[in-house]
Amino acid sequence: MKSTKPYLLKAFRDWLIDSQLTPMIYVKTDILGVQVPQKYIVNNHIMLNVSAEATDQFEQDEYKVTFLAEFDEGVEQLRIPMVSIVGIVASEIEWEWVFADEDPQDDDPHEKAKGVPDLKVL
(Lines give C-alpha, C1' and ligand atoms only; values in the text may rest on other atoms or scores of the structure.)
Protein backbone atom coordinates (compact mmCIF):
# COMPACT_ATOMS: atom_id res chain seq x y z
CA MET A 1 0.00 0.00 0.00
CA LYS A 2 1.20 3.53 -0.77
CA SER A 3 2.24 5.85 2.03
CA THR A 4 -0.27 8.48 3.13
CA LYS A 5 2.50 10.90 4.13
CA PRO A 6 2.98 12.59 0.71
CA TYR A 7 -0.77 13.15 0.36
CA LEU A 8 -1.18 14.52 3.89
CA LEU A 9 1.92 16.69 3.60
CA LYS A 10 0.63 18.26 0.38
CA ALA A 11 -2.85 18.78 1.82
CA PHE A 12 -1.60 20.33 5.06
CA ARG A 13 0.91 22.57 3.25
CA ASP A 14 -1.79 23.81 0.86
CA TRP A 15 -4.24 24.34 3.72
CA LEU A 16 -1.72 26.33 5.77
CA ILE A 17 -0.75 28.49 2.79
CA ASP A 18 -4.43 29.11 1.94
CA SER A 19 -4.97 30.06 5.61
CA GLN A 20 -2.12 32.59 5.35
CA LEU A 21 -0.02 30.63 7.84
CA THR A 22 3.59 29.53 7.48
CA PRO A 23 4.08 25.79 6.91
CA MET A 24 7.26 24.47 8.50
CA ILE A 25 8.47 20.88 8.13
CA TYR A 26 10.45 19.13 10.85
CA VAL A 27 13.09 16.89 9.28
CA LYS A 28 15.44 14.17 10.60
CA THR A 29 18.79 14.98 9.03
CA ASP A 30 20.59 11.70 9.68
CA ILE A 31 18.60 9.94 6.96
CA LEU A 32 20.27 8.92 3.71
CA GLY A 33 19.64 11.48 0.96
CA VAL A 34 18.84 14.53 3.11
CA GLN A 35 20.48 17.64 1.63
CA VAL A 36 20.13 20.72 3.82
CA PRO A 37 22.52 23.45 5.05
CA GLN A 38 24.55 21.77 7.77
CA LYS A 39 24.96 24.83 10.00
CA TYR A 40 21.22 24.93 10.80
CA ILE A 41 21.00 21.33 12.03
CA VAL A 42 20.34 20.88 15.75
CA ASN A 43 20.38 17.41 17.31
CA ASN A 44 20.08 15.76 13.87
CA HIS A 45 16.94 17.79 13.04
CA ILE A 46 16.09 20.92 11.10
CA MET A 47 12.92 23.00 10.81
CA LEU A 48 12.35 24.36 7.30
CA ASN A 49 9.91 26.98 6.03
CA VAL A 50 8.14 25.50 2.99
CA SER A 51 5.83 28.42 2.25
CA ALA A 52 5.50 29.63 -1.33
CA GLU A 53 7.40 32.82 -0.40
CA ALA A 54 10.33 30.93 1.14
CA THR A 55 10.78 28.35 -1.61
CA ASP A 56 11.38 28.34 -5.33
CA GLN A 57 10.89 25.41 -7.67
CA PHE A 58 9.08 23.48 -4.93
CA GLU A 59 8.38 19.92 -6.06
CA GLN A 60 6.97 17.01 -4.15
CA ASP A 61 6.50 13.43 -5.23
CA GLU A 62 5.88 10.13 -3.49
CA TYR A 63 9.46 9.85 -2.24
CA LYS A 64 10.87 13.33 -1.73
CA VAL A 65 10.48 17.09 -1.54
CA THR A 66 12.92 19.35 -3.38
CA PHE A 67 13.15 23.12 -3.55
CA LEU A 68 15.47 26.10 -3.64
CA ALA A 69 15.68 28.28 -0.53
CA GLU A 70 17.76 31.29 0.44
CA PHE A 71 20.04 31.10 3.46
CA ASP A 72 22.84 33.37 4.72
CA GLU A 73 25.23 31.70 2.28
CA GLY A 74 22.90 32.26 -0.70
CA VAL A 75 20.43 30.06 -2.54
CA GLU A 76 20.67 26.34 -1.84
CA GLN A 77 19.04 23.27 -3.39
CA LEU A 78 17.34 21.19 -0.67
CA ARG A 79 16.36 17.56 -1.00
CA ILE A 80 14.19 16.00 1.68
CA PRO A 81 13.36 12.28 1.40
CA MET A 82 9.78 11.69 2.51
CA VAL A 83 10.97 9.18 5.12
CA SER A 84 12.93 11.97 6.86
CA ILE A 85 9.91 14.27 7.35
CA VAL A 86 8.73 13.95 10.94
CA GLY A 87 5.97 16.54 10.96
CA ILE A 88 4.52 19.81 9.73
CA VAL A 89 3.65 22.80 11.90
CA ALA A 90 2.16 26.26 11.54
CA SER A 91 4.62 28.74 12.97
CA GLU A 92 2.04 31.38 13.97
CA ILE A 93 -0.30 29.13 15.93
CA GLU A 94 0.05 26.06 18.09
CA TRP A 95 -0.83 23.57 15.37
CA GLU A 96 1.23 20.54 14.42
CA TRP A 97 0.88 17.20 12.69
CA VAL A 98 3.39 14.46 13.51
CA PHE A 99 3.52 11.66 10.97
CA ALA A 100 3.37 8.09 12.21
CA ASP A 101 6.36 5.91 11.45
CA GLU A 102 5.64 3.88 8.35
CA ASP A 103 6.86 0.57 7.02
CA PRO A 104 10.19 1.13 5.23
CA GLN A 105 8.97 -0.99 2.31
CA ASP A 106 6.83 2.01 1.32
CA ASP A 107 9.93 4.17 0.94
CA ASP A 108 11.98 4.75 -2.17
CA PRO A 109 13.90 1.50 -2.68
CA HIS A 110 16.98 3.50 -3.67
CA GLU A 111 17.13 5.34 -0.34
CA LYS A 112 16.87 3.30 2.83
CA ALA A 113 17.06 5.07 6.17
CA LYS A 114 20.01 4.59 8.47
CA GLY A 115 19.10 3.09 11.81
CA VAL A 116 18.06 5.98 14.05
CA PRO A 117 16.39 5.77 17.43
CA ASP A 118 12.78 6.81 17.89
CA LEU A 119 12.62 10.45 18.92
CA LYS A 120 10.04 12.36 20.88
CA VAL A 121 8.96 15.12 18.53
CA LEU A 122 7.58 18.59 19.14
Side-chain angles (χ1 to χ4, degrees):
M1 180 172 3
K2 288 185 175 248
S3 171
T4 59
K5 187 186 290 187
Y7 300 96
L8 292 172
L9 180 65
K10 180 180 181 342
F12 284 136
R13 179 179 181 263
D14 290 347
W15 170 67
L16 291 169
I17 289 171
D18 289 349
S19 300
Q20 298 181 345
L21 298 170
T22 306
M24 308 280 290
I25 56 172
Y26 191 57
V27 178
K28 286 187 199 180
T29 58
D30 56 352
I31 301 293
L32 183 65
V34 172
Q35 295 174 357
V36 296
Q38 297 296 301
K39 85 180 225 182
Y40 300 101
I41 295 173
V42 177
N43 296 325
N44 293 322
H45 287 80
I46 190 169
M47 186 75 77
L48 297 167
N49 181 340
V50 291
S51 68
E53 295 80 23
T55 62
D56 192 25
Q57 299 177 24
F58 185 93
E59 294 183 21
Q60 177 185 329
D61 65 27
E62 189 175 347
Y63 302 113
K64 68 188 173 311
V65 172
T66 60
F67 57 93
L68 298 174
E70 190 169 336
F71 293 87
D72 294 335
E73 303 78 26
V75 176
E76 299 215 18
Q77 173 71 47
L78 282 70
R79 185 174 190 285
I80 317 295
M82 199 58 64
V83 68
S84 69
I85 299 173
V86 176
I88 184 168
V89 303
S91 64
E92 297 86 355
I93 60 174
E94 291 186 23
W95 180 89
E96 64 184 35
W97 181 271
V98 177
F99 294 104
D101 288 333
E102 295 181 338
D103 188 338
Q105 73 184 11
D106 291 335
D107 298 328
D108 186 340
H110 302 291
E111 294 182 3
K112 292 298 178 191
K114 297 180 198 174
V116 292
D118 289 337
L119 301 172
K120 204 166 210 179
V121 180
L122 309 177

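- The two residues Q60 and V65 come nearest to each other via the heavy atoms CG-CG2, 3.9 Å.
- Under the 4.5 Å side-chain criterion, counting only non-hydrogen atoms from C-beta, I80 is not in contact with V50.
- In this structure, Q57 and F67 have side chains that are not in contact, with every pair of non-hydrogen atoms separated by 4.5 Å or more.
- Put simply, W95 and V27 are part of the same group of oily side chains (I, L, V, M, F, W, Y) that touch within less than 4.5 Å, one to the next.
- Residues F58 and L8 share a single hydrophobic cluster, defined by chaining ILVMFWY side chains whose heavy atoms lie under 4.5 Å apart.
- Atom CG in L48 sits 9.0 Å away from atom CD1 in I85 (nearest 0.5 Å).
- Aromatic ring orientation, F12 versus W97: tilted (interplanar angle from 30° to 60°).
- Qualifying salt bridge (charged side-chain N to carboxylate O under 4.0 Å, His left out) partners for D14, counting only residues two or more places apart in sequence or in other chains: K10.
- In this structure, the side chain of Q35 does not engage the main chain of G33 through any donor-acceptor pair within 3.5 Å.
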Can you give the donor-acceptor pairs under 3.5 Å from side chains of residues 69-78 to other protein atoms, not counting sequence neighbours?
from : atom 1 : to  : atom 2 : distance (Å)
D72  : OD2    : Y40 : OH     : 3.1
E73  : OE2    : K39 : NZ     : 3.1

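- Not a single donor-acceptor pair under 3.5 Å links the side chain of E96 to the backbone N or O of G87.
- A distance-only check finds a donor-acceptor pair linking the side chain of N49 to the backbone of S51 [under 3.5 Å].
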Throw together a table of side-chain donor-acceptor distances under 3.5 angstrom for residues 15-23, partners on residues two or more places apart or in other chains.
from : atom 1 : to  : atom 2 : distance (Å)
S19  : OG     : W15 : O      : 2.8
T22  : OG1    : E92 : OE2    : 2.5

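- Cluster annotation: Y7 is not connected to F99 through the hydrophobic network of ILVMFWY side chains, with a link wherever side-chain heavy atoms come within less than 4.5 Å.
- T29 contributes a side-chain N or O that, together with a main-chain N or O of N44, makes up a donor-acceptor pair within less than 3.5 Å.
- Taking both residues in full, the closest heavy atoms of R13 and A52 are given as NH2-N, 4.0 Å, listed atom of the first, atom of the second, then distance.
- Between D61 and M82 the shortest heavy-atom distance is O-CE, 3.4 Å.
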